[in-house]
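Reviewing the structure listed below.
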There are 2 protein chains.
Amino acid sequence: MPPTEVTLKDIARAVGKSVATVSKALRGHEDISPETRAFIAQTAAEMGYTPNITARRLQKKRTDAIGLILPVQSARQADPFFTELLTGIANEVARHNFDLLVSARTPGEDEQAAYRRLAAERRVDGLIVAQPRRNDWRIEFLTANNIPFVVVAHQPVPPHPAVWVNTEAGILQAVIHLVEENRRQIALIAPPADLLFHQTIIRAFGNAIAAQPELSGGIISDLTDMSQKEGYRAAQHLLAETPPDAILACHDLVAMGAMKAAQDQGFEIGDDIAIVGFGDILLAEYSQPPLTTIHRPTDVLGRSACRLLLANINAIEATPSPTQIDPWLVVRQSSNLEFWV
Amino acid sequence: MPPTEVTLKDIARAVGKSVATVSKALRGHEDISPETRAFIAQTAAEMGYTPNITARRLQKKRTDAIGLILPVQSARQADPFFTELLTGIANEVARHNFDLLVSARTPGEDEQAAYRRLAAERRVDGLIVAQPRRNDWRIEFLTANNIPFVVVAHQPVPPHPAVWVNTEAGILQAVIHLVEENRRQIALIAPPADLLFHQTIIRAFGNAIAAQPELSGGIISDLTDMSQKEGYRAAQHLLAETPPDAILACHDLVAMGAMKAAQDQGFEIGDDIAIVGFGDILLAEYSQPPLTTIHRPTDVLGRSACRLLLANINAIEATPSPTQIDPWLVVRQSSNLEFWV
DNA sequence: ATTATAAACTTAAACGTTTAAGGTGTCAAA
DNA sequence: TTTGACACCTTAAACGTTTAAGTTTATAAT
């Protein structure tokens, strides 16, 4: 490392040309002769030049960075969904030479400060908003302040740019599967009511049930978050009275909590009761029994959201990439009688 | 949002003072009269001024940002350890008004580019390096380029600044617990050999075994990563021949894979065989059976690392915060006979 | 009446880039 | 021999801050 950073000025001095020439040479402009271009490029390399992106940013008025604010419950909390989303976004971002700024905040006042920081102070060119809520102030804030963003959701969020998983299709597949497994009373453990996902999944569930005349369905709708703990609690209540023969959970973590509750009450999962999750987090396959679940291709979701955002801020030309992502059902032991023959 | 960003110049024009005065007023310098200071502050607020951090950065030659590069195996991969670490770091970073830049890369060539980008191009003031490897080129690179960093590890990494979990103590607790549970042959499933953690845990395990005369220990040491899949594979081999009566895994995910392997081979976990993990990820409590594990306070690790890094780059004054973090054993059903009485 | 001190500013340069506009020299065409 | 046209390069301004050094005015000390 040079004792002091090498700048364009240093190179200019070294090659005996002006700073402008050096800049243009390095950026490959047409009006610099090939020889000069090559000479400058070589000198720059020899001197160990790396551009100062801060200066570039100031001049270009773009940060070439996007932001993601993770809603976390506690310092410990780490919803695998967000992690996978993050990985997807990070990968895509890297391909386009952008930076990803991450903030972890508990929803509330604190979160607002984070949005103001990233967005109003223009630390980023745009943001990805995950898990939209009812009357989401984040969306209102970003809209009002004219800051580009893309929502990652479970259904379209007009009029805002969004990428979403086709919840309707996923739920329908799950319900059909349960019917084929001869389940007749399905209980849905719905997400917290302040999430848009709440309405989406309840509607999808209602439609799916309505399409199968022999089915009856119930809905648990008092979750405060989508954690194992809440899943445990919800299932506990559910099973205490007249237990359904299938549970459809809004999140794999919730499903895992529900499984534990059922096991603690002596149910044989996959036999006495079927349990289906949503998400297909990595651990779903390794739960005991392995969890049947609706696979949500979260990394694809992240990549698409990222691409859409970059297109919207004119960083890349718009590609007609799909905004609706189809999930699919992954059948494992928690819902499958064959494993119990 | 203003049609165009409000700058110091605009405020200067509005209050009829120079740009320098406005700047100094807003930063609370002594040589601006209280009245002017107040007036400027008010005007700035009214005009909706937010400082342009890019300009500030250029001038100050600091980015007020740190970086974290997550090693990921695939787009899907999402080791809960890193997620928790990330959350811890993000939280601490926010408290000091710093930004956190995150990159997700598969170890290798790709990863190098990410380091060069963040570090050499000075997008960040410093980096946190997690999961150090043998002859870690990342550490060499950062050292050679004079870029501040802190390592998150499982033992000290002299001469580099680091924060580590007291692996020795954790492993000892686990082994003592297993002895009390009347286990006599303990197998360690060690991390991949290229990680420093590999040596650390093997030494700790060796010492712990040596301290208990009645014990015999074996070591599996061919993992390619710390995943459930690898845990499954390792345990499968282990159990095929002369099964130990306890397995100590280097990571909860590995332990979960091992549990599944054991179950698939008809072992009753906690009875026929005890399994102990390392990390205490959130899901450990919800596995079936719940996993006994060495609790690694990952978020604390992240916070401490962050604080140490910030102190090293003179962003905060050094606090004598501990660099060695003590883990503790959490006993659950996977190793506890009492559950089986 | 002079000088020093202090308070409250302003000027100007700097941080490292990019780029529009302008300049110079060469060569070909008229 | 003039006139473009072109290739190649330079000048200068700009992006929005911060801050060292300088200026002005008022006041106090000699």
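Convention: sequence-line order gives letters A, B, ...; per-chain numbering from 1. Reckoned from all heavy atoms, side chains included, excluding hydrogens, waters and symmetry mates.
Judged purely by atom type and a 3.5 angstrom limit, Arg13(B) has no side-chain atom pairing as donor or acceptor with the backbone of Ser18(B). Although no hydrogens or angles enter the test, the distance criterion places a donor-acceptor pair under 3.5 Å between the side chain of Ser304(A) and the main chain of Val300(A). In terms of modelled atom types and a separation under 3.5 Å, the side chain of Thr63(B) and the main chain of Asp125(B) share a donor-acceptor contact.
Look at CG on Asn52(B): it is 11 Å from P on dC15(D), rounded to the nearest Å. In this structure, the NZ atom of Lys9(A) is 15 Å from the C1' atom of dT11(D), given to the nearest Å. Separating the CD1 atom of Ile32(A) from the P atom of dT18(C) is a distance of 13 Å, rounded to the nearest angstrom. Counting to the nearest Å, the P atom of dG16(C) and the CD atom of Glu121(B) are 15 Å from each other. Taking atom CD of Glu35(A) as the reference point, atom P of dA7(D) lies 13 Å away to the nearest angstrom. Between Ile40(A) atom CD1 and dC8(D) atom C1' the separation is 11 Å, expressed in whole Å. When rounded to the nearest whole Å, the span between CE of Met47(B) and P of dG16(D) equals 13 Å. Remark: P of dA14(C) and CZ of Arg62(B) are 22 Å apart, rounded to the nearest angstrom.
Taking only side-chain nitrogens and oxygens, Arg57(A) never comes nearer than 4.0 Å to OP1 or OP2 of dT17(C). Taking 4.0 angstrom as the limit, Lys17(B) places a side-chain polar atom (N or O) nearer than this to OP1 or OP2 of dC9(C). Taking only side-chain nitrogens and oxygens, Ser23(A) comes nearer than 4.0 Å to OP1 or OP2 of dT18(C). Of the side-chain N and O atoms in Ser33(B), one or more sit less than 4.0 angstrom from OP1 or OP2 of dC9(C). Regarding contacts with the backbone of dT10(D), a side-chain N or O of Thr21(A) is found under 4.0 angstrom from either OP1 or OP2. For dG16(C), one of the phosphate oxygens OP1 or OP2 lies less than 4.0 angstrom from a side-chain nitrogen or oxygen of Lys61(B). Taking side-chain N and O atoms only, Ser18(A) has a distance below 4.0 Å to OP1 or OP2 of dT10(D). When the side-chain nitrogen and oxygen atoms of Thr36(B) are compared with OP1 and OP2 of dC9(C), one or more of them lie within a distance under 4.0 Å. The phosphate of dG16(C) has neither OP1 nor OP2 within less than 4.0 Å of any side-chain N or O from Arg56(A).
The side chain of Ala20(B) approaches dT10(C) more closely than any other nucleotide in the set dG16(D), dG16(C), dT10(C). The side chain of Tyr49(A) lies closest to dT17(C) when the candidates are dG16(D), dT17(C), dT18(D). The nucleotide whose nearest atom lies closest to any side-chain atom of Leu58(B) is, among dC8(D), dT17(C), dC15(C), dC15(C).
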**Asked** side chain to side chain contact (heavy atoms under 4.5 Å, CB included) between Leu100(A) and Ser103(B): does it pass, once the steps are laid out?
**Response** CA-CA 7 Å; Leu100(A) 176 63; Ser103(B) 212; over 6 Å; no
**Asked** Is there a side-chain hydrogen bond (donor to acceptor under 3.5 Å, both in side chains) between Trp164(A) and Gln155(A) once you walk through the steps?
**Response** CA-CA 5 Å; Trp164(A) 63 93; Gln155(A) 61 165 51; over 6 Å; no
Check: residues 25-33 of chain A side-chain donor-acceptor pairs under 3.5 Å, at least two apart:
residue  : atom : partner  : partner atom : Å
Asp31(A) : OD2  : Lys24(A) : NZ           : 3.3
Ser33(A) : OG   : Glu35(A) : OE1          : 3.4
Ser33(A) : OG   : Thr36(A) : N            : 3.2
Ser33(A) : OG   : Thr36(A) : OG1          : 2.6

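The nearest heavy atom of DNA chain C to Asp31(A) and to Leu8(A) marks one nucleotide each, and the one closer to the 5' end goes with Leu8(A).
Atom CZ of residue Arg307(A) and atom CZ of residue Arg95(A) lie 6.5 Å apart, to the nearest 0.5 angstrom. Atom CG in Leu101(B) sits 8.5 Å away from atom CZ in Arg117(B) (nearest 0.5 Å).
Rounded to 10 degrees, the angle between the two end axes of the helix from dA1(C)-dT30(D) to dA30(C)-dT1(D) is 70°, with five pairs used at each end.
Contact of Lys24(A) with dT17(C) (side chain to base): no donor-acceptor pair of N or O atoms is detected under 3.5 Å.
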